[in-house]
Amino acid sequence: MINAVCSLLLCLAFLFPLSEAEPIPLHPQALDSFNLSLIQNVGSCSYKVSISTSCSSPVYTRDLISLAFGDAYGNQIYAPRLDDLPSRTFEHCSTDTFQIRGPCAYQICYVYLYRSGPDGWKPTTVQISGSNQYPVTFKYNVFIPGDTWYGFNLCQRGSSANLKPSRGWFVSAVIAVLSVFSSKFS
């Protein structure tokens, strides 16, 4: 009987994949409030930010574009007015790269864009990298609403920000039960 139970539990354990999780699609959202006065001026680090503009965006935009990003520990970096019409930033089908200095942060886990103006603008991706960090890419591919901070906050979800909860707890439970059974009847 014990061997049958152990065999059944072991078979069930292999029915559940050992992989941690499956990716879920994430979509940008409006931020209810954003307090720029919380931005710290501690340390000075450099970040490379690449923003790709969709081919379905207007040919050019006169809109004012700002960026804010940070980590799960409250370190925030703010870049006002990235737009610059004479240098043709944010034209459709293009990628613009910026070197931004700001407070030193741990792994970047949120980004928000702010757009104000009459033209509209549709970014495809925002990629941010800094020293001692993995580059992180946020996929927008939507028109940014006017006069609101719009983006992603993956900080509450921990290091596997774009993953569904794991079924690993079940495998751990089966292994624990098997070890208890095998130690009692060995």
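The aromatic rings of Tyr106 and Tyr73 stand perpendicular to each other, their planes meeting at an angle above 60°, with 30° marking the opposite boundary.
Annotation for Ile51 and Pro123: closest pair CG2-CB, 4.3 Å, computed over non-hydrogen atoms. Contact between Ser50 and Thr95 at its shortest, heavy atoms only, is CB-CG2, 4.3 Å. What you find for Pro135 and Gln127 is that their closest heavy atoms are CB-NE2, 4.0 Å. Of all the heavy atoms in Arg115 and Ile144, the pair that sits closest is NE-O, 2.8 Å. For Tyr112 against Asn153, the heavy-atom pair with the smallest separation is OH-CB, 3.3 Å. Closest approach of His92 and Cys55 over heavy atoms only: CD2-O, 3.6 Å.
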Kindly determine whether Ser56 and Lys122 satisfy side chain to side chain donor-acceptor pair (under 3.5 Å), including the steps that lead there.
CA-CA 7 Å; Ser56 61; Lys122 183 179 181 181; 3.0 Å; yes

Trace of the side chain to side chain contact (heavy atoms under 4.5 Å, CB included) decision for Val126 with Thr137:
CA-CA 6 Å; Val126 175; Thr137 301; over 6 Å; no

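The aromatic ring centroids of Phe152 and Tyr140 lie less than 6.0 Å from each other. Ring centroid separation for the pair Phe138 and Phe69 does not come in under the 6.0 Å cut-off.
Put simply, the side chain of Tyr47 does not reach to within 4.5 Å of the side chain of Gln99, judged on heavy atoms. Looking only at side-chain heavy atoms (C-beta outward), Asp71 and Gln107 stay at 4.5 Å or farther from each other.
Taking OG1 of Thr148 as the reference point, atom CG of Leu113 lies at 11.0 Å (rounded to 0.5 Å). The structure places OG of Ser57 at 5.5 Å from CZ of Phe143, a figure rounded to the nearest 0.5 Å. Interatomic distance, Ser116 OG to Asp147 CG, rounded to the nearest 0.5 Å: 4.0 Å. Distance check: Phe90 CZ to Thr61 OG1 gives 9.0 Å after rounding to the nearest 0.5 Å.
Residue pairs meeting the salt bridge (charged side-chain N to carboxylate O under 4.0 Å, His left out) criterion with at least one partner in residues 52-62, sequence neighbours excluded, are Arg62-Asp119. Note on residues 78-93: pairs passing salt bridge (charged side-chain N to carboxylate O under 4.0 Å, His left out), not counting sequence neighbours, are Arg81-Asp83, Arg88-Glu91.
Summarising the local packing, OH of Tyr60 is surrounded by 12 or fewer heavy atoms from other residues, nucleotides or ligands at distances under 6.0 Å.
A donor atom on one side chain and an acceptor atom on the other are not found under 3.5 Å apart for Lys139 and Thr125. When only modelled atom types and interatomic distance are considered, Thr89 and Ser87 share no side-chain donor-acceptor pair under 3.5 Å.
Considering Ile128, Val49, Ile100, Val111 as possible partners of Ile77, the one that fulfils the side chain to side chain contact (heavy atoms under 4.5 Å, CB included) test is Ile100.
Applying the side-chain contact (heavy atoms from CB on, under 4.5 Å) criterion to Ser66, with sequence neighbours excluded, gives Tyr78, Pro80, Tyr114, Trp149.
Taking hydrophobic clusters as Ile, Leu, Val, Met, Phe, Trp and Tyr residues chained together by side-chain heavy-atom distances below 4.5 Å, Leu85 does not share a cluster with Phe98.
Side chain of Asn141 to main chain of Thr124: no donor-acceptor pair is present (N/O by atom type, distance under 3.5 Å, no hydrogens or angles).
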